[in-house]
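Below: the structure, in structure tokens.
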Amino acid sequence: MASLNVGNLGEFLREQRRTAQLSLRQLADAAGVSNPYLSQIERGLRKPSAEILQQLAKALRISAETLYVQAGILDERRSPDGAGVQTAILTDPSLNERQKQVLLQIYESFRKENGHGGDPDGDTAHRSDDGPEDGDDPHEPEADGGPHAT
């Protein structure tokens, strides 16, 4: 049932809000939603749209994908052996979005280097496919010979 996912989403949002040390009113203001509406989401009474989830994710400084998975909008497509690390990175409120993406890219490059497959959902470690002109891809072991190259 969808209400189970919504309840889990509400509990997850409440925990993220508390971890970020935000009141319900502060998060509602930061996300641009009403205080009563956010309260209903946290109590599992409302199922927010993807747009509202994105606003909440931005206000909480977590990945929107994390909230989509919690809401049942998106299936978690990562392999079970790497899911814990990726979830921990994505839900850490002390990291900004750019830092989270860089950590995920580095993590995936180490997994590839050690023969544990690639990026199963195709959105974290493929910036190097765009060409070397961007020059800010921190996980190109064949190009930079960095500390993780063997």
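Throughout, residue positions are numbered sequentially from 1 according to the sequence presented.
Residues that satisfy the side chain to side chain donor-acceptor pair (under 3.5 Å) test with Glu51, not counting sequence neighbours, are Ser49. Every residue was checked against the side chain to side chain donor-acceptor pair (under 3.5 Å) condition with Gln99, not counting sequence neighbours, and none meets it.
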Throw together a table of side-chain donor-acceptor distances under 3.5 angstrom for residues 56-64, partners on residues two or more places apart or in other chains.
| unit_1 | atom_1 | unit_2 | atom_2 | d |
| --- | --- | --- | --- | --- |
| Ser63 | OG | Glu65 | N | 3.1 |

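For residues 14-27, the set of pairs meeting the salt bridge (charged side-chain N to carboxylate O under 4.0 Å, His left out) definition, not counting sequence neighbours, comprises Arg14-Glu42, Arg17-Glu42. Residue pairs meeting the side-chain hydrogen bond (donor to acceptor under 3.5 Å, both in side chains) criterion with at least one partner in residues 27-37, sequence neighbours excluded, are absent.
For Asp92 (side chain) and Ala88 (main-chain N/O), no donor-acceptor pair under 3.5 Å exists by modelled atom type.
Annotation for Gln21 and Gln26: closest pair O-OE1, 4.0 Å, computed over non-hydrogen atoms. Heavy-atom minimum distance, Pro48 versus Leu53: CG-CD2, 3.6 Å.
Distance CD1/Ile41 to CG/Leu13: 7.0 Å, rounded to 0.5 Å. With rounding to the nearest 0.5 Å, the separation of CG in Leu103 from CD1 in Ile89 is 5.0 Å. Here Leu9 contributes atom CG and Thr66 contributes atom OG1; the two are 11.5 Å apart, rounded to the nearest 0.5 Å.
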Between Leu104 and Leu90, is the side-chain contact (heavy atoms from CB on, under 4.5 Å) condition met? List the steps. CA-CA 8 Å; Leu104 287 171; Leu90 291 170; 3.5 Å; yes
Assess the residue pair Gln101 and Gln105 against the criterion (side-chain hydrogen bond (donor to acceptor under 3.5 Å, both in side chains)); give the C-alpha distance rounded to whole Å, side-chain angles, the decisive distance to 0.1 Å, and a yes or no. CA-CA 6 Å; Gln101 292 306 313; Gln105 290 169 357; 5.2 Å; no
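Within 6.0 Å of the CD atom in Gln55, the count of heavy atoms belonging to other residues, nucleotides or ligands exceeds 12.
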